[in-house]
Amino acid sequence: MSNVNPVKGTHDVIGFEADAYAYIEHVFSQVAYSFGYDRIVTPIFEHTEVFDRATGESSDVVRKEMYTFLDKGDRSLTLRPEGTAGVMRSIVTNKLYVTPDLPLKLFYSGTMYRYERPQLGRFREFRQIGVECVGEDNPYIDAETIALAMRILQSLGFQGLKVKVNTLGDKASREAYKKALREYFAPRIDDMCEDCHQRLVLNPMRILDCKVPQDQEMAKSAPRMGEFLSEESKQRFKKTLSLLDDLDIDYEIDDGLVRGLDYYGEVVFEIHCLSHLGKDYGAICGGGHYEGLLSTFGGPSDIDVGVGFAMGVERIYSLMLDFDLLYDVRRDADLILMPMGEDALREAFALSDALRSLGYTVEAPYRQGKLGPLFKRAERKRAKYAIIFGEEELKQHVYQVKDLKEETQETVSVTDLPSYLEGHLVDEGEDEGE
Ligand code: HAM
């Protein structure tokens, strides 16, 4: 049977929602520019190996969630489940690291693909906005990256957000911690979920992130990362936190935060926000510090560090909708033309073009009709002024201009119309343009 429905976990983005996504991406890019970032666009699909190597073979994303297929040349390709791996591959392919201006600061936006169980805030095709700052190992950069995430969300109108932070320590600390976790969970694993059986072998830290209530209970008394941190990692984390204090960033240490991708080490963070309607769309931002990704692709090992994050655009959109933060996205019409009669309709055709060339948003009918439905349309389009004219107005070279909010009407001559509109609409237009 043929199936022409949208694929499960995907959705069409239409009208206001599409405008809102573009708005979110625009605000994001403006803030990223102000932090010295450049845009990068990488392909939506890569050789599967790119994600196997970078995103990590022990992550759920790589093990279970990738859209992988053979192309007609029998190459194994994968739709990107996240942006970091492709950006790292691109830095190496294009030798972007050959620059006196390290760290490289790159931002991206685009669709990602994960074969997950669709639910509130979770899709199979979704959009991320993200950044990667690569090539210098420095707590200032870690803290600045967290500040950038908070600034983006603040610029979108979010208030009172708290970032959850944790440190996964350096490699040696993590190995010691994983060993302790294996020892702790091994005698308990029979009572835990199938996924945790695999996690125990591949990366026991991921068990701490398991969503099964019984496993969460078990994880409560597991050893904590803090006990296994090297002195250097402890000091580094302390420094990062004190830098966040310098910027008045509200954070909370969550020592159970491990993140779902394999490449992280040292500081990791997530931002969550419950909508005031009580809805939890999941984390809106996740990121952290990583090492060793460039060399996986044959890049240099001496500058092989980075820090970055990505945010889910759909989740941000849903929250902004709930918090009523999308007022800048509404496209109100400036004017609606209401021609009465065939000659007026013809006049309206040219007039709408002339008014649009002056920068106004203009609604106009394509066939003759009654005033009633046009006023209803004016309401739907939230038009500010109606320009009404029929045979009589054409004869006298005037229009009736009605202020739809104030419900007042004036007769304006054809030649005076541009200056009349400028006087009445320009101030509002300038406010909107900011
Ligand atoms: P992630 O935590 O897997 O990190 O994803 C980042 C964000 O993408 C999440 O916090 C969430 O807002 C959104 N997201 C993830 N999966 C879905 C989904 N199925 N549906 C809707 N939204 C989703 C990364 O992807 C890393 N690459 C982030 C990073 C960059 N770390 C360092 N650099």
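Keep in mind it's a predicted model, so treat the numbers as computed, not measured. Numbering of ligands and ligand atoms starts at 1, following listing order.
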Identity and distance of the protein heavy atom lying nearest atom 21 (C) of ligand 1: Gly121 O, 3.2 Å

Distance-only side-chain donor-acceptor flag, Tyr21 / Glu17, under 3.5 Å: yes

Arg188 charged N/C atom sitting above Tyr184 aromatic ring, 6.0 Å / 45°: yes

Lys211 with Asp209: basic N within carboxylate O range, under 4.0 Å: yes

Closest protein heavy atom (residue, atom, distance) for atom 19 (N) of ligand 1: Glu116 OE2, 2.6 Å

Any donor-acceptor pair under 3.5 Å from Ser230 side chain to Ser173 backbone: no

N/O separation below 3.5 Å, Gly312 to ligand 1: yes

Backbone or side-chain N or O of Glu82 under 3.5 Å from ligand 1 N or O: yes

Donor-acceptor contact below 3.5 Å, side chain Arg182 vs main chain Val201: yes

Gly130 near ligand 1 by a heavy-atom separation under 4.0 Å: no

Location of contacts on Val307 toward ligand 1, heavy atoms closer than 4.0 Å: neither

Interfacing atoms of ligand 1 (cut-off 4.0 Å, heavy-atom, Gly287): 31 (N)

Proximity flag Tyr263 to ligand 1, non-hydrogen atoms under 4.0 Å: yes

Proximal candidate to atom 6 (C) of ligand 1 [heavy atom criterion; set His289, Arg127, Gln128]: Gln128

Protein contact of atom 20 (N) of ligand 1 - nearest heavy atom, named by residue and atom, plus distance: Phe123 N, 3.0 Å

Side-chain H-bond candidate by donor/acceptor type, Gln198 with Glu194, under 3.5 Å: no

Residue part near ligand 1, for Phe309, under 4.0 Å between non-hydrogen atoms: backbone

Which segment of Arg259 sits under 4.0 Å of ligand 1 when only heavy atoms are counted: side chain

Side chain to side chain donor-acceptor pair (under 3.5 Å) assessment of Asp52 paired with Thr48: CA-CA 6 Å; Asp52 280 348; Thr48 302; over 6 Å; no

Polar contact flag, side-chain donor to acceptor under 3.5 angstrom, Glu132-Tyr108: yes

Test item, Gly260 contacting ligand 1 (heavy atom, 4.0 angstrom): no

Arg124 to Tyr115 six-membered ring, cation-pi geometry met (6.0 Å, 45°): yes

Side-chain donor-acceptor pair present, Glu46, Thr78, cut-off under 3.5 Å: no

Ligand-residue contact atoms, ligand 1 with Ile284, heavy atoms, under 4.0 Å: 10 (O), 12 (O)

N-O pairing of Lys179 and Glu183 below 4.0 Å: yes

Pro81, portion touching ligand 1 at heavy-atom distance under 4.0 Å: neither

Nearest-contact summary for atom 24 (C) of ligand 1 - protein heavy atom, Å: Leu261 CD1, 3.5 Å

From CA spacing to verdict: side-chain contact (heavy atoms from CB on, under 4.5 Å), Glu363, Arg380: CA-CA 11 Å; Glu363 284 288 315; Arg380 286 195 299 277; over 6 Å; no

Positive for ring-ring contact (aromatic ring centres under 6.0 Å, His included) with Phe107, one of Tyr33, Phe35, Phe309: Tyr33

Atom 7 (C) of ligand 1: nearest protein contact (heavy atom, Å): Ala310 O, 3.5 Å

Glu132: numbered ligand 1 atoms lying under 4.0 Å from its heavy atoms: 30 (C), 32 (C), 33 (N)

Options Tyr113, Phe126, Tyr115, Tyr264, ranked by nearest heavy atom to atom 14 (N) of ligand 1, top entry: Phe126

Salt-bridge present (Arg330, Asp19; N to O < 4.0 Å): no

Check: Arg114 N/O within less than 3.5 Å of ligand 1 N/O: yes

Gly286: numbered ligand 1 atoms lying under 4.0 Å from its heavy atoms: 10 (O), 28 (C), 29 (C)

Nearest-contact summary for atom 10 (O) of ligand 1 - protein heavy atom, Å: Ala283 O, 3.3 Å

Distance filter under 4.0 Å to Arg122 heavy atoms, resulting ligand 1 atoms: 19 (N), 20 (N)

Region of Glu314 that comes within reach of ligand 1 [heavy atoms, distance under 4.0 Å]: neither

